[in-house]
Amino acid sequence: MSALTGTTRLARLVLRRDRIRLTIWILGTPLLGYALAGSVAGIYPDQETRLGYATTSASSLVARAFNGPIHGTDLGAVVVAETYVTLALIVALLSTFAVTRHTRQNEETGRAELLGANVVGRYAPLTAALIVIVAANTVAAVLLAVALVGAGLPLAGSVAAAAAIGGVGVAFTAIAAVTAQLSVTSRGANALAAATLGLSFVLRAAGDVLGEQSADGTRVRSAWPSWISPLGWGNQVRAFDGERWWVLALPVALLLAGVALAYTLAERRDQGAGLIAPRRGPATGAPRLLSPTGLAWRMQRGTLLGWAVGVAVLGLSMGVAADEFNDMIDANPAAAEAINAMGGGADLINAYLAAMLGLFALTIGAYVVQALLRVRGDEADGVLEAALATAVSRTRWLGTQVLAATLGAVALLLLAGVTTGLGYGIVTGDPLGQAVELGGAALLRLPALLVIAGVVTAIFGLLPRWSVVLSWTALLVFLLLGQLGAVLELPQAALNVSPYTHVPAVPAVDPAALPLVVLAAVAAALLAVGVAAFRHRDVPS
Amino acid sequence: MPVISIGNLVKTFGAIRALDGLDLHVEQGEVHGFLGPNGSGKSTTIRILLGLLRRDSGDAKVLGADPWRDAVRLHRRLAYVPGDVSLWPNLTGGEAIDLLGQLRGGLDRRRRDELLHRFDLDPTRRCRTYSKGNRQKVAIVAAFSSPVELYVLDEPTSGLDPLMEAVFQDEVRRVKQAGATVLLSSHVLAEVEALCDRVSIIREGRTVESGTLTQLRHLTRTAVTVETARPVTGLDALPGVHDVHEVDGRTHLEVEPAHLDELLGQLIRFGVRALTSTPPTLEQLFLRHYGDDPAATAGTDAPATAASGAPAAGSSDADVQADAPQGGAR
Ligand SMILES: Nc1ncnc2c1ncn2[C@@H]1O[C@H](COP(=O)(O)OP(=O)(O)OP(=O)(O)O)[C@@H](O)[C@H]1O
Ligand SMILES: [Mg+2]
């Protein structure tokens, strides 16, 4: 088949280019899984503690939204509940970025053209990328299964859990293969796939929140939305609780469908082009475009709009779900009692809402990183050089970008709080009051986001070539500290590294000024370091 | 006062010594060619002049100011065309031109429209969809739309078709007429010959020659072929004569223009039957400075003489450097 000529050679090229990334991925996931499993085993050593865990997890909507449905009291089930979502998100993002990197990015940079002029079939680049990335997911899953067995978990469950996580990677490999055909830029392709991942998370969370608790109180039977989320499928395998192997056919089916769709789309477009033909635009620049601020807004507005839609949908659904909480407590006195033992009745809703706002703050942290990394992208492309050769100072240029990212973060935080408040308020009959209160509570997360902006700016100033890797790593570390810090029983000093640790969990607790002021001061210091370093270094470097 | 004056400039990137004591002087109102092989440090020098890169040591003054410290103030008075133009992919060409012009402190609307017309550039297309040549045109139009004192052009015409090259040359002449100074880095020798009042040639981060093209020509050996009645002798002993060899009874040699007199005096004694003398072409001129092997690139195929050619090139440096200001004041 001539369309596939050269696939093997290209696959070897992918392996060669990514040998370090793939190694970290393939070894890192099982190692993380092993560490987490061991840690969970330490915290929940016996049936009694695990029964408590399963019961609360099955009753708590927060736990269902974040950790997915619990399936019984086996140690493996607890491990899955504590780690599945995090590992699945990591694997999904790794797969997405890898697919884009070896497909659309090659077209964007012109590398594909260089390759395409050789003896290389039409489908070969995409096929080579997919083969390697699916293989990476498979190998990582096999090693993860070995790691879980090594941590003392039953064989069947370990295989099912590892396959479930690998399945998420395979599903997002297929999704990214399609988005890489749709968008002209690799940034756009990644954004589309990430948006799909966000939607999958919301659907899964909604399905699990709306699901039913089993009679014995230790299991959750998810509602239908979980079934249309590739992220939700992994939970439906029910590892360690009478595995349903056939569910694993879903990601495989999605892979086949996605690949077929991607090939069809690739057939219909030119090399380097998207599916939408480029349109003409204005012949002159509108006055409001012609300044660093105007340009920053123009560059950000599309991204910001996409984020706003996602945040609003997530906010409304999380808000509406909050009220289900009340119903559930009313309907299930046993669960209410268990939850009461954990935190206290009246504050439960507030704890849920605070957790939601915390989740938003983390997610919007990704927006801040993405928005600020544009400066680095511009530097690598050479656009920054052209801009700085005009009468714009480096301080003004970078300051404008930071300001734009900050304003975007403020807008998104406010939107998150207001929509969550609206959703909750609509069902409880006080939309306006809740919107105002939660909008304000959400804005209190801003200092943590300023610290993120400061971290990215400092990295950009000091270690420009490492900006992308280090910035995302920093955010990932903050995410892991927040999500897994408790499971791993990390010392407080480690948890304190994350700015999110220090934000008062309003509305669950009263706002406190001191931590916010300290965070803002740290952010200011980091920004100052970043700007000063940027002023003193070479561009481009 | 020179518009650009660089002395003993050094710039390293880690272990790479990109500039190694470079000198460059550009006078007010001249078009100055900036030449050198790939990787010799032209773009690096230009980026230092724009305050984008920080010099390790040496002096650099642009329009009397320090390019690093006074970058923003200076940038109002100069326009830059980068060697590898990249633009904001989702802006149109027209928007990019206006943006760059406005960021520089304003542009001449009438000129902008005229230039768009002359360069035959469609300003409504997205920058992402431009061909290489058209991207280059966007940067050229953006630069020449601003009436500034200094134009810094780094290989501005790479990718332009011959028609556009002509338009570009007209534009350079126009701004020169208006009193502006132009620093033009280029690999297109015809363009250099057509436009430049003076040129500086650099190699491996150092200036090897600088002067008017006539001066540089003068430094480069003329190739002479002579047929004589009796076999010529004693040529090797003459000053400034190189690469003497005989083929089919004809003597081929190269001579430095300053020593033509002595050569002719000697040849006459052997009964000259035929004599051709070929002045160096521009290509030879540059190849001599660019190539690793000066003799091989000077038009002979006698590798053994490479060593004898090198000192001549080295010693001529100093003379030209001293001559340079006169050339510029013409
Ligand atoms: N950011 C950098 N990091 C490391 N080395 C660099 C960097 N920029 C330039 N160099 C090196 O410095 C030297 C000079 O490069 P420069 O781009 O100035 O050459 P050039 O004369 O403009 O060449 P060309 O004619 O190909 O444009 C080269 O050896 C190049 O590899
Ligand atoms: Mg260059």
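Here is the naming used below: chain letters follow the sequence lines, and residue numbers restart at 1 for every chain.
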Open item on the list: Heavy-atom cut-off 4.5 Å, strictly under: side chain, backbone, both or neither for Ser291(A) against chain B?
Closed with: backbone
Open item on the list: For Arg535(A), which atoms come within 4.5 Å of any heavy atom of chain B: side chain, backbone, both, or neither?
Closed with: backbone
Task: Engaged part of Ser541(A) at the chain B interface, taking heavy atoms whose separation is under 4.5 Å - done: neither
Task: Interchain contact, Glu95(B) with chain A, by part (heavy-atom threshold 4.5 Å) - done: both
Open item on the list: Keeping Arg104(A) on the side-chain end and Ser183(A) on the backbone end, is there a donor-acceptor pair under 3.5 Å?
Closed with: yes
Open item on the list: What I want to check is whether the side chains of Thr12(B) and Asp56(B) have a donor and an acceptor closer together than 3.5 Å.
Closed with: yes
Open item on the list: Between Leu295(A) and chain B, with a heavy-atom cut-off of 4.5 Å, which part of the residue counts as in contact: side chain, backbone, both or neither?
Closed with: side chain
TODO: Determine the option with the most heavy-atom pairs under 4.5 angstrom with chain B, choosing from Pro287(A), Ala283(A), Ala286(A).
DONE: Ala283(A)
Open item on the list: Going by the rule ring-ring contact (aromatic ring centres under 6.0 Å, His included), which residues pair with Phe460(A) if we only count those two or more places apart in sequence or in a different chain?
Closed with: Phe534(A)
Task: Region of Arg128(B) that comes under 4.5 Å of a non-hydrogen atom in chain A - done: side chain
- [ ] Salt-bridge test for Lys176(B) and Glu171(B): reply yes if a basic N is under 4.0 Å from a carboxylate O, no otherwise.
- [x] no
TODO: Pick one of side chain, backbone, both or neither for Leu103(B), based on which atoms fall under 4.5 Å of a heavy atom in chain A.
DONE: both
Open item on the list: Quick check on the interface: out of Val72(B), Asp98(B), Thr92(B), Leu52(B), who has the most heavy-atom pairs with chain A under 4.5 Å?
Closed with: Leu52(B)
Task: Contacting moiety of Pro540(A), where chain B heavy atoms sit under 4.5 Å - done: both
TODO: Please confirm whether the backbone N or O of Val188(B) pairs with a side-chain atom of Ser186(B), one donor and one acceptor, at under 3.5 Å?
DONE: yes
Open item on the list: Does anything in residues 367-380 of chain A reach chain B? List residues with heavy atoms under 4.5 Å apart, or say none.
Closed with: Asp378(A)
Task: Leading residue by heavy atom contact count with chain A [cutoff under 4.5 Å; candidates Leu50(B), Thr129(B), Asn90(B)] - done: Asn90(B)
Open item on the list: Does any backbone or side-chain atom of Asp113(B) lie under 4.5 Å from a heavy atom of chain A? Answer side chain, backbone, both or neither.
Closed with: neither
